[in-house]
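Note that ligands are numbered from 1 as they come in the structure, with each ligand's atoms numbered from 1 the same way.
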Amino acid sequence: MASKFHALMYPWFASGHITPFLHLANKLGEKGHRVTFLLPKKALKQFEHLNLYPHHIVFRTVTVPHVDGLPLGVETASDIPISSTNLLASAMDLTRPQVEDVVRALEPDLIFFDFAHWIPEVAREFGAKSVDYLLLSAAAVATLIVPGGCEFGVAPPGYPSSKVLLHQKDVYSMKPVANSTEDFAALQERFTASITKCDVILIKACKELEGEFCNYVERKFEKKILFTGPMLPQADTTIPLEAQWSNWLGGFESGSVVFCAFGSQTIMEKDQFQELCLGMELTGLPFLVAVKPPRGTSTIQEALPEGFEERVNGRGVVWGGWVQQPLILSHPSVGCFVSHCGQGSMWESLVSDCQIVLVPQIAEQVINARFMSEELEVSVEVAREETGWFSKESLRDAIESVMNRDSELGNRVRKNHTKWRKTITSPGLMNGYVDDLIESFKDLIVHETNHD
Ligand SMILES: O=c1ccn([C@@H]2O[C@H](COP(=O)(O)OP(=O)(O)O[C@H]3OC[C@@H](O)[C@H](O)[C@H]3O)[C@@H](O)[C@H]2O)c(=O)[nH]1
C-alpha cells in the first residue's frame, strides 16, 4: 500500500464524540494521512475550527432525516435529552445511503465509527476496514461493555478492582439513557453489533493509567484491541478565552474559583439543579457554573433558587450556555473543577492543575468517577442518598474537602493528581502511541489487500 492512508470518520452526532474523533483526525493529519470527516450540516460550523490540518482533513456533511418523536431540525444530541438517544440513532441509521455514496466515491482504506453499527457491512462491501472507536475509559469498557459485564457490586473473575464497580445505590445512573427498556435494549444491541462486526476496536485509554483494565479488556474480547494512549488535543493558541470570562475570572485570587460543568448532554431535574446552586453558595467561594437549563425550563434565570442571584452577586455566576471548558480550566484563578466525569472532561481534569470533585450522571460516568476517586485517588465523588439525590451540604463538603489547604484528603488527591498528570503528559508518550497506532492501521489495511 501507499505509505499514507485515507480514513473516513463518522462519529455519533454529539459533541462528546465529534470532538475526540477530530482530535484523532488531527493526529493522523499531522502525520500526513488523509481524513474525510462526516458530520451533520449544523454541526459543521461548531466544529470546523478544530480542524488543525485542513490540507489533510476534509469535512463532508450529511442531511439528518426527520424521525417521529424528535423535534423538527434536530441534528445532534445537544438538542435532545439523553433519553432520546435511540431516536436520534435511528435518524443516523437513515443516513446509510448517503454514507455509502461517499464510500463508493472516495474508497477510503479505513472507516472509524461508534454508533453507526452498519459501518462494518458498508466497509466490507467497499473493501475498507472498520474501526469501532470506543470513547470510554478502559474501566467503563471492562464494566459495561465486555461480554457478560458486571453485576451490581460483584467483580467477575479476573476483574482488576474491587473498588471500580456499580452498586445498587447507583441505580439512578441507569435511568436517563433511554425512554424505555425497549430503547435501552436497542442501544445495547447497537453496541454489541458494532463490537462484534468491526475489524478492530480502538479504545480511548492509556495503559500507563489504566493498565490492569486494559489487560482485562484485551483478554475478554476475541478480537484485536488498540489503545489511543493520552489522546490530548493540541493547544490552539489562536483562540483566546472569551473576554467576559477572562475579565471575570481575573478578578479573583489564584486557584480560588470553583468551575462546574456537566458536558454537552446533561439536563438536570430542576430541584437537583437548585440544590447544586445552593451547594455552591454554601462554599462561600467564587464560582462559575455552566450547565443547561434544567428540565421543564428554557432559561437558567427562571430556574434559579429564590433570592439566589442577589445573595451571590459578585462572586457567583450560573450560565446556561456553552463555555470554553479547557481554557477555563487552565485559567490561573480556577482551582476546582466540579465535573460529571464524562470521558472528555475526565482527561481534561487530569491534565489541569485543578482539584477535582465528581458528580457523575450516568453509569459510564459513575465508573469513571470511581476509577478516579477510588483507584487513582485524584478526586472526590460527591455523596448521594439511596434515591440518587445529592444535597447541597454533600456538595459543599466535597468541595471543601479538596479546597481546604489543611485537608489531608485534599493534599492526598493533589499529590496523586500531580503524579498522574506528569505521567500522561510526559514527553514522547502521546506521540509514541500515535506512531504505534498508525503502524497497526497500516498492518490492518495490508492484511486486507493480502486477502484480495
Ligand atoms: O460548556 C461546555 C461543556 C462542555 N465542553 C466540552 O465538551 C466536552 C464534553 O465531553 P465529555 O466527554 O466530558 O461529556 P459529554 O457528556 O458531552 O459526552 C458524553 O459522550 C461521550 C462520552 O465518552 C462521555 O463520557 C459522555 O459523557 C469536553 O471536551 C468539554 O471540554 C465545553 O467546551 N464547554
Counting from 1 in the order shown, the ligand 1 atoms closer than 4.0 Å to a non-hydrogen atom of Leu135 are 22 (C), 23 (O)
Evaluate Met346 for polar contact with ligand 1, using N/O atom pairs at a separation under 3.5 Å. no
Would you call Lys207 and Glu218 a salt bridge, using N to O less than 4.0 angstrom? yes
Which residue and heavy atom of the protein sit nearest atom 17 (O) of ligand 1, plus the separation: Ser264 OG, 2.4 Å
Ligand 1 contact by Pro326, heavy-atom criterion under 4.0 angstrom: yes
Options Lys292, Gln361, Gln343, ranked by nearest heavy atom to atom 24 (C) of ligand 1, top entry: Gln343
Check each of Phe21, Tyr10, Phe37, Phe441 against Phe112 using the ring pair (Phe, Tyr, Trp, His ring centres under 6.0 Å) test, and report the only one that passes. Phe441
Going by the closest heavy atom to atom 6 (C) of ligand 1, which one wins out of Phe259, Trp322, Trp319, Trp347? Trp322
Would you indicate which of Gly342, Gly16, Pro233 comes nearest to atom 10 (O) of ligand 1 when only heavy atoms are counted? Gly16
Ser345: numbered ligand 1 atoms lying under 4.0 Å from its heavy atoms: 11 (P), 13 (O)
For Val323, counting its heavy atoms only, list the atoms of ligand 1 lying under 4.0 Å from any of them. 1 (O), 2 (C), 32 (C), 33 (O), 34 (N)
Parallel under 30°, tilted from 30 to 60°, perpendicular over 60°: which one fits the rings of Phe308 and Phe287? tilted
So, regarding His17 and ligand 1 (criterion: nitrogen or oxygen to nitrogen or oxygen, under 3.5 Å), is there a contact or not? yes
Is Arg295 salt-bridged to Glu269, cutoff N-O under 4.0 Å? yes
Between the side chains of Thr299 and Glu302, is a donor N or O closer than 3.5 angstrom to an acceptor N or O? yes
Considering distance alone, does some N or O of Gln324 sit under 3.5 Å from an N or O of ligand 1? no
Which residue and heavy atom of the protein sit nearest atom 27 (O) of ligand 1, plus the separation: Gln365 NE2, 2.8 Å
Salt bridge between Glu375 and Arg370, side-chain N to carboxylate O under 4.0 Å? no
Please state which option from Gln265, Gln325, Glu348, Glu364 has its nearest heavy atom closest to atom 19 (C) of ligand 1. Gln265
Would you please determine whether His340 falls within less than 4.0 Å of ligand 1 on a heavy-atom basis? yes
Taking atom 11 (P) of ligand 1 as the reference point, the nearest protein heavy atom with its distance: Gly344 N, 3.7 Å
Consider only side-chain N and O atoms of Thr63 and Lys41, and report whether a donor and an acceptor are under 3.5 Å apart. yes
So if I apply the side-chain contact (heavy atoms from CB on, under 4.5 Å) rule between Glu75 and each of Leu70, Val64, Leu88, which one comes out positive? Val64
Ligand 1-proximal atoms of Ala290, by part, heavy-atom distance under 4.0 Å: neither
Between Asp199 and Lys223, is there a salt bridge with N-O shorter than 4.0 Å? no
With respect to Leu136, determine whether any N or O atom, backbone or side chain, lies less than 3.5 Å from an N or O atom of ligand 1. no
Short question: side chain of Gln361, backbone of His340 - any donor-acceptor pair under 3.5 Å? no
On the 0 to 90° scale, with breaks at 30° and 60°, tag the Phe259-Phe337 ring pair as parallel, tilted or perpendicular. parallel
Can you confirm whether something in the protein, heavy atoms only, sits under 4.0 Å from atom 8 (C) of ligand 1? no
